[in-house]
Amino acid sequence: MSIKEIVVPDIGDFDSVEVIEVLVAEGDSVQAEDSLITVESDKASMEIPSSESGKVVKMKVALGDHISEGSVILMMEVDDKATSTEKTNEEKSTEPKAKTAPPQRTSSHEKMAPAKSTPSMSSAGKVSVDKVSPTANIDEIRFSKAYASPSVRKFARELGVDLGNIKGTSRKGRINKADVKGFVKKTLSSGMAGGAALGIKPMPEIDFSQFGEIESQPLSKINKLTGEFLHRSWVTVPHVTQFDEADITEMESFRKQMGKELEKDGIKITPLAFIIWAVVASLKAFPRFNSSLDASGENLILKKYFNIGVAVDTPNGLVVPVIREADQKSLVELSQGIRELATKAREKKLKPSDMQGGCFTISSLGGIGGTKFTPIVNAPEVAILGVSRSKMEPVWNGSEFVPRLILPLSLSYDHRVIDGADGARFTTHLSKMLSDIRRMMV
Ligand code: CAO
């Protein structure tokens with residue numbers, strides 16, 4: 001090991017130019033030809049590459065310094081053995097190669113017209129366009145017009161980031177590496193990553209106030225969290241929704257009869273308790289609906305427990321508390337469980353553990369209205385049941401139309417795990433359970 005001075009090489013007619021970017025820091029490991037600093041004259045800017053590989057032990061320049069050929073940029077700890085091996089290899093090579101890449105020039109956004117692509121001098125001395133192939137979601141014209149150095153352009157391309165979307169924070173609006181990292185971080189946390197990964201351009205920023213009066217309201221914490229989960233499920237789970245309906249005429253008359261008896265004890269039973277019971281019976285008959293794919297997507301984890309999530313509408317947004325061991329609970333216990341969790345949810349008293357461990361979710365909009373809807377699977381669960389408002393309808397019994405109370409059901413499922421035929425079998429079974437409550441006794 002030895003300590004070497006890394007100096008500014010021949011930079012042509014650049015003399016006493018200002019350091020506008022320091023691209024490495026003490027302690028960094030650097031490869032030969034990695035860019036160390038960017039300098040700028042009144043004509044153009046240029047990246048100065050390293051002539052050696054090693055570890056930066058001392059920086060000798062700082063932002064704003066003026067440097068010329070021969071100025072010391074930094075002190076580097078160099079592995080002499082590696083250098084001599086490299087040299088031997090280079091000598092063996094039949095093609096002569098320049099040891100140090102010439103400095104990389106980039107256009108100045110003020111003095112020079114923006115380059116069509118991003119030319120940089122390769123180590124063989126030839127002009128090469130970006131080494132990384134263009135990414136689908138990069139607008140090449142905006143990318144080329146962006147004010148950034150070749151290394152920042154390369155970095156952005158590697159991440160698939162369109163520099164045209166970034167506002168530079170360096171002098172004169174130049175985009176630096178930190179700006180690219182900040183943009184990626186912001187994009188990931190705003191849930192835009194799914195779109196970028198799919199090659200979808202970000203939503204344009206529109207000033208809606210130009211069309212009329214507006215009010216900006218921040219999303220609640222629950223809105224943001226739920227939005228992230230739903231977005232992930234929407235883009236990663238291939239959804240199919242199976243519609244069906246159940247004749248709940250008998251179930252409703254039984255519920256009303258029971259309701260009267262239980263009213264004096266302050267207990268109220270809604271259709272949802274029956275639906276949870278029927279869902280559990282259907283999960284037992286179709287165990288694949290009570291499963292999750294593991295993170296690798298290669299194995300199906302079948303669950304032997306029956307924890308049912310119930311979507312609850314609260315003033316702050318949608319939450320999904322879980323009724324544990326629903327298979328062990330009576331209708332009254334299920335009703336009390338729903339009420340307790342819904343109250344806790346609306347009073348913001350749910351604990352994280354109240355929302356974990358679900359196997360299957362029910363989203364009931366029956367108390368509100370609507371005919372059908374397509375719920376989004378609460379991944380990693382593989383299916384969700386949407387329940388809409390029941391309605392009295394004329395049903396043909398073979399000889400005449402009779403009034404029957406019909407409950408609309410919408411089952412969305414993960415098509416990677418559940419086939420269409422099984423989707424239809426599940427809702428048929430569920431409908432049968434709800435239509436004939438004598439089955440509850442069996
Ligand atoms: N058809 C007709 N009436 C229904 C019904 C249905 N499918 N489901 C419930 N009702 C009735 C109830 O019987 C009750 O009527 P009464 O007061 O006359 O007895 C009334 O509607 C209100 O019920 P409820 O909504 O208070 O109770 P619930 O047990 O049905 O539901 C809960 C509880 C917490 C699920 C519900 O309040 C809720 O928050 N629903 C919204 C869920 C949601 O936002 N889903 C969308 C998620 S996005 O996928």
Side-chain angles (χ1 to χ4, degrees), residues 220 222-223 225-234 237 239 241 243-263 266-279 308-323 326 329 331-350 354-355 358 360-379 381 383-393 404-413 427 430-431 433-435:
S220 71
I222 292 179
N223 285 154
L225 276 172
T226 312
E228 271 174 35
F229 279 119
L230 292 174
H231 189 196
R232 185 175 60 190
S233 182
W234 184 252
V237 175
H239 279 73
T241 304
F243 299 107
D244 212 328
E245 44 194 33
D247 181 338
I248 56 164
T249 319
E250 262 85 56
M251 186 198 99
E252 271 300 87
S253 77
F254 176 62
R255 184 180 75 87
K256 288 205 171 121
Q257 196 186 320
M258 268 180 70
K260 274 185 202 147
E261 288 171 26
L262 295 168
E263 210 175 351
I267 297 167
K268 184 178 172 185
I269 298 186
T270 64
L272 191 51
F274 289 81
I275 295 166
I276 294 176
W277 164 81
V279 160
I308 307 297
V310 175
V312 177
D313 173 41
T314 79
N316 296 300
L318 176 71
V319 286
V320 185
V322 172
I323 299 188
K329 294 191 160 73
L331 281 177
V332 170
E333 286 168 334
L334 288 174
S335 297
Q336 285 171 330
I338 301 164
R339 208 130 297 273
E340 265 171 42
L341 288 173
T343 308
K344 266 172 125 181
R346 286 169 186 146
E347 290 173 357
K348 294 196 204 169
K349 286 187 180 150
L350 284 177
D354 290 326
M355 291 179 278
F360 182 102
T361 297
I362 302 175
S363 174
S364 174
L365 293 173
I368 303 168
T371 53
K372 294 179 187 73
F373 67 107
T374 53
I376 298 175
V377 172
N378 189 11
E381 295 169 18
I384 179 168
L385 180 72
V387 180
S388 299
R389 194 165 186 80
S390 59
K391 199 163 92 183
M392 200 57 91
E393 287 181 17
R404 308 292 295 177
L405 190 61
I406 304 299
L407 179 73
L409 304 169
S410 318
L411 176 84
S412 293
Y413 56 84
T427 57
L430 181 66
S431 167
M433 292 284 136
L434 290 167
S435 302

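Remember, it's 1-based here, ligands and their atoms both numbered in the order they're listed. These numbers come from the heavy atoms of this one structure, side chains and all, not from hydrogens, waters or symmetry mates.
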Check each atom of ligand 1 against the heavy atoms of [X] and keep those under 4.0 Å away; list them by number with element.
{"X": "L407", "value": "7 (N)"}
{"X": "S388", "value": "6 (C), 7 (N)"}
{"X": "K268", "value": "16 (P), 17 (O), 19 (O)"}
{"X": "L272", "value": "29 (O), 31 (O), 35 (C)"}
{"X": "V312", "value": "34 (C), 39 (O)"}
{"X": "S364", "value": "40 (N), 41 (C), 42 (C)"}

Closest protein heavy atom (residue, atom, distance) for [atom]:
{"atom": "atom 26 (O) of ligand 1", "result": "R339 NH2, 4.3 Å"}
{"atom": "atom 30 (O) of ligand 1", "result": "T270 OG1, 3.9 Å"}
{"atom": "atom 38 (C) of ligand 1", "result": "R346 NH2, 3.6 Å"}
{"atom": "atom 4 (C) of ligand 1", "result": "G366 O, 3.5 Å"}
{"atom": "atom 43 (C) of ligand 1", "result": "L365 CD2, 3.6 Å"}
{"atom": "atom 22 (C) of ligand 1", "result": "G367 CA, 4.0 Å"}

Any non-hydrogen protein atom below 4.0 Å of atom 18 (O) of ligand 1?
no
Test item: protein heavy atom less than 4.0 Å from atom 7 (N) of ligand 1:
yes
Among [options], whose heavy atom sits nearest [atom]?
{"atom": "atom 44 (O) of ligand 1", "options": "I276, L409, D313", "answer": "D313"}
{"atom": "atom 45 (N) of ligand 1", "options": "S363, G370, G317, G259", "answer": "S363"}
{"atom": "atom 32 (C) of ligand 1", "options": "P408, A311, S390, A246", "answer": "A311"}

Check: [X]/[Y] side-chain N/O donor and acceptor closer than 3.5 Å:
{"X": "T241", "Y": "S410", "answer": "no"}
{"X": "T314", "Y": "N316", "answer": "no"}
{"X": "S390", "Y": "E252", "answer": "no"}

Within a radius of less than 6.0 Å around CZ of F243, do more than 12 heavy atoms belonging to other residues, nucleotides or ligands occur?
yes
Should we say atom CD of E263 is surrounded by more than 12 heavy atoms from elsewhere, each under 6.0 Å from it?
no
Indicate the atoms forming the closest heavy-atom contact of [X] with [Y], along with that distance.
{"X": "L407", "Y": "V387", "value": "CD1-CG1, 3.7 Å"}
{"X": "R404", "Y": "D247", "value": "NE-OD2, 2.6 Å"}
{"X": "A383", "Y": "L411", "value": "CB-CD1, 4.3 Å"}

Heavy atoms only, cut-off 4.0 Å: how does P271 contact ligand 1, side chain, backbone, both, or neither?
side chain
Judged by non-hydrogen atoms, does R255 sit under 4.0 Å from ligand 1?
yes
Does a salt bridge link K256 with E261, judged by any charged N lying under 4.0 Å from a carboxylate O?
no
Assign the ring pair F274 / F254 to parallel, tilted or perpendicular, where the plane angle (0 to 90°) is split at 30° and 60°.
perpendicular
Main-chain N/O of L405 paired with T249 side-chain donor or acceptor, under 3.5 Å:
yes
So does E250 get a backbone contact from the side chain of R255, meaning a donor-acceptor N/O pair under 3.5 Å?
no
